[in-house]
Every structure is written in structure tokens, then in C-alpha cells.
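Everything below concerns the one structure shown next.
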Amino acid sequence: MASQESLFKSQFDDDAGVKSGSRSDEPDRIQIKPVNDEDDTSVMITFNQKVSPFIIVLTFVASISGFMFGYDTGYISSALVSIGTDLDGKVLTYGEKEIITAATSLGALITSIVAGTAADLWGRKPCLMFSNLLFVVGAVLQISAHRFWQMAAGRLIMGFGVGIGSLISPLFISEIAPKNIRGRLTVINSLWLTGGQLIAYGCGAGLDKVHNGWRILVGLSLIPTVIQFTCFCFLPDTPRYYVMKGELQKASNVLSKSYVDAPEDLIEQKIKELNALNRAIPGDTVWERIWNTIKEIHTVPSNFRALIIGCALQGIQQFCGWNSLMYFSGTIFQTVGFSNSTAVSIIVAGTNFIFTLVAFFAIDRIGRRVILLIGLPGMCGALIVCAIAFHFMDIQFKGTEAVVANGGFSAWGIVVIVSIIVYAAFYALGIGTVPWQQSELFPQAVRGIGTSYSTATNWSGSLVIASTFLTMLQNITPTGTFAFFAALSFISFLFCYFCYPELSGLELEEVQMILADGFNIKASKTLAKKRKQQLAAQKAAAKHGGLEEFHKSKPSDELMEC
Ligand SMILES: O[C@H]1[C@H](O)[C@@H](O)[C@H](O)[C@@H](O)[C@H]1O
């Protein structure tokens, strides 16, 4: 450990000198190699350029998938309440509600397993456009459903689209984003996601009393899908994908549009690097390469540790129970005595959105690890209070009906709602947002497969929770259910404390170094702190020389040296 820290130290010192532009010719200085993957593009932009409108447009269009993820998983809470007897002429049982809800998670799970590989084979953009078609088919089936099974089939097909979008949208963004704002741009996807859930709840409340309102609610999901599909007809794929396909000219065109002030030779150099990296993935055929990446992710220790962290965080995100509230909050609030339960759900979804915004500002400044370590104990505390409140409400289940012994709306009902809101805030601040930064854990060669595994873990968790939550309420009581989630939050806290290093501001190469022989929490914190100080020093220097200078300065020495 000590030797690793001293290795870091010599690199920091050198790095600080190089990055601040103070190029040194002293022979004894160790030269830090720029990160040898697509990050190099970002390095170049970090020091020389503004974010171009082209990148903003691409991010905006790609993150519509995040919106659809949120909207499609969000509307079901109110739809389940307002469907009434519209399917098969009878009220849905808890089991049927679970199937309708879980069908989307199941669909998403299936496609997320293959989406990473599909994106490498056919491209990110075509996969996202294909997901648009699935959204349309799924929505049309639901809108026209009069039978339970047609509704469930529509939800499943919609889930296929959600699974593809949930993986590829953050991947797409991370491949086009300049490094200095990549963390934040990825959180933008989460903002769209939680915003989509909020809007779904809002529309659900507005359409609550409208005849067939839930059909309109589903129909509205067609709007963003059509917008994304249309926009993508005119937009390119990511440069990295084009390089993988050997379409270097296209890659170069996208880079030039993305980094408008970058000189041609720099773009060319970047293309060469990406191309060399592409060939570095072993295997003569596509299938051989895929097989090799599967082997590599399990056998290279740093990759395997990254995989453990990626999958664990996504699993924790789901098994701490948040989506049971997302999917069933309407049903829960109805049970504790609120007549306009959908409107109450909006407050919960709104809290999720607002605190994702807080995470947006905190994730790079305070760090991923810190917000996780604040969020998880907060969730645990709120869940314990919630479990206690449910105990005093004394809810019994008779068949599929919940009967509250203390008679509907009460002070304990308010405690339940307040604790759920507090829980939502802590959730969104940390574990709701951080796992979607998953692509930074993996080096380029195994990023597709690594993010596929992690995303599939997310959807497996979502599936288990969606299909068992109401049954859990019935069998182990609401108190038991929320106490169970509280215990899982506590165990998750211990996992993050011991196994999740601080990755804010680190180069991807450094992430691999950190994970090479352990989880190296201490070294990661030292390194992240150092990076933060360097950034602050750069900003101060830039201010000193004028912002214009900062943005328009010549290509960085760092990049030209490689
Ligand atoms: O990050 C998101 C977000 O927290 C959503 O609110 C939740 O429903 C999703 O499952 C999760 O992946």
C-alpha cells in the first residue's frame, strides 16, 4: 500500500506541473502518460475549449431515453390506481398489479443483458432508435388493452425499450462528453429520469378522474419517443463507435463538430489513438473479441473488482426498496388513508428529482463516496421510523384488501409519509444517482460488458422488488418489509464504507490502478483530494490569465507530448 501511495505521489507532482502548462524538461521528472482511451479527447477539451452546442444537443437527445425510463416506470403507480375495472371488467388483484409492474422490469432485464454487446455490434444510435420502435409497440398495445394479458404484454415490450435506453443513454453521453463535465452530464440523464417520473406522477394526478385517463397517460409516452427517433435521423453516432467500425472519416467529422476549436492535427491524433486502442482488443472476429472481453472482465483483478462494485451498487440501489415506493406509492398512500394518493406520490417523486439535482452539484465537488456514505444511513434511519409508524397503524391484510385498524388517515399516517419523503431525499442524493456513473469503473475494452452486467443487476433487483413487494406487505407486514429494507441499507453502508473508493476527478487509468490490488480506499481518497486541489489551482490560474485565455489557449502540452 505504502509503495502504491508513493507511486501516486510522484505522479501527482509531475502531473500538477504538466497540467498547469508548466512544461518541464528536467530529466528526472516522471512523465505521466495521458489516459490511453477516449478520455484523451476530454483532456484536450478540459484545458482548451468550451462545451459546443453540438455536444449539448447530442446529450439532450440521448438523455430522452432517461426521460422515457423515468416516465414509463413512473406512470404505472397512478395507472394501477385509476385502471379500476377497465381490464377484464374486474378490479386487479395484487398479483396482477405485480405482474403488470414487473413486466417492464423483466423486459428491461432481458435487453440490458445484450444491449452493451448490441451497441458494439450495431452502434449506439441504431440501438436507441430500435428502442423507440419498441416503446411505440408497447404503448399502442397498452393504450388499446381491454384484457389484463395485453396490458402485461405491452408493458413487457415497453420494458425491452427501457432496458436498452437505460444502458446506452449514459454510455452514449459518456462517450461524447468532455471529461471535466462527464460526471455531471451523466447525472443529467438521471435528472431526466427522475424528472420523467415526476411528470408521470403529475400527469397521473391530473388525469386521475378522467375517464380512461390512464390510456392517455400511456399515450403521452409516445411524444418523447417520436422526438428522439426524429432527432436521431439527423444526428451521428459516437466517434468511438465509428472507430470500432473502421469509419474513421465519420469519427473525425463528429469530433470536429464536437470540439470546434480543436486543430485538425489534434483530431487526427485522437482518431489514431482510438484506432490503436480498438485493435488492442484481442480476437480476429467480433465473436472472439466478445468472448475475450467476457474472459477479461472475470480474470483481470482490477476489472473484477470494478464489476463487483458496479453490480453491488446497482443491486443496492434496487434492494433498498426505493422502487417499491415508486411503483406502489399510490397504493400505499391509499392504504394509509389519503384520498388523493396520486397527488401525495408527486411529493415523493418531486423530492427524488430535487435531490438528484443536489447530487448533480455535489457529485464532483463532495465526491461520490461521501454522498453515498451520507445517503445510506439517512435512508436506514428514515426506514426504521417508517417501520415503527406502520406498526402503530396496525394494518392487516384480508385477502387482497388492506384494513387499517386505527381507521384511515392518522398522525401515524403522516409519520409514514414524512419518513418516506426523508428516505427519498437521502436515496436520490446518493445511491439513486451514483451507480449510473458505472462506466467510469471499467476500462474501454470491457466497458460494454461491464455496464451490461451492472445494468442487468439493476433490473434483476427491480424485478424482484416489483414482483414481491405487495406480497411482502401481506406476508411479513409493512413493518417487517420496511425494517428489512432498513437492514439492507445498513449492510449496504458497510459495503460502501469498506469497498467503494473515491473516484471523483480520477483518470480512468487511475481507477484501474486503485483497483489493481484491493479496494484501496485510503489511497483513492488521497488521490481524489489531490486532483481536486489541482483543478482548483488550474481554475485560479485561468482566472488570473483571463477566462478567454483559458478557453482559447493552444492544445495542451499534455496531449501533444504523447
Ligand atoms: O436511478 C434511478 C432513479 O433513482 C429512479 O428513481 C429509480 O426508479 C430507478 O430505478 C433508478 O435506477
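From a predicted model like this one, the values you see are computed outputs, not experimental measurements. Atom set for the values below is all heavy atoms of this structure, side chains included, hydrogens, waters and symmetry mates excluded. Start at 1 and go down the list; that is how both ligands and their atoms are numbered.
The option from Trp459, Trp436, Phe69, Tyr427 that lies nearest to atom 3 (C) of ligand 1, judged by heavy atoms, is Tyr427.
Remark: ligand 1 and Asn323 share an N or O pair separated by less than 3.5 Å (distance only, no angle test). In terms of polar-atom proximity, Gly432 is counted as a contact of ligand 1, with an N or O under 3.5 Å from an N or O of the ligand. Any N or O atom pair closer than 3.5 Å counts here, and Gln197 shares at least one such pair with ligand 1.
Considering Ile388, Val416, Val415 in turn, Val416 is the only one that fulfils the side chain to side chain contact (heavy atoms under 4.5 Å, CB included) rule with Met393.
Atoms of ligand 1 lying under 4.0 Å from any heavy atom of Asn458, numbered from 1 in the order shown and given with element: 12 (O). Applying the 4.0 Å criterion to heavy atoms of Gln317 picks out, from ligand 1, the atoms 1 (O), 11 (C), 12 (O). Below 4.0 Å from some heavy atom of Leu193 lie the following atoms of ligand 1, by number and element: 2 (C), 5 (C). When each atom of ligand 1 is checked for a heavy atom of Trp322 under 4.0 Å away, the hits are 5 (C), 6 (O), 7 (C), 8 (O).
Trp192 and Phe60 have their aromatic ring centers within a separation under 6.0 angstrom. Between Tyr500 and Phe495, the ring center distance fails the sub-6.0 Å criterion. Remark: aromatic rings of Tyr453 and His298 are close, center separation under 6.0 Å.
At a 4.0 Å heavy-atom cut-off, ligand 1 does not touch Thr356 at all. The residue Thr73 has no part lying near ligand 1, judged by heavy-atom distances below 4.0 Å.
Salt bridge status for Lys525 with Glu502: absent, with no side-chain N to carboxylate O gap under 4.0 Å. With respect to the salt-bridge test (charged N to carboxylate O, under 4.0 angstrom), the residues Glu440 and Arg368 qualify.
Ligand 1 has no atom lying under 4.0 Å from any heavy atom of Gln314.
Taking all atoms of both residues into account, the shortest heavy-atom contact from Pro170 to Thr186 is CB-CG2, 4.2 Å.
Judged by the 6.0 Å and 45° rule, Arg369 forms a cation-pi pair with Tyr497.
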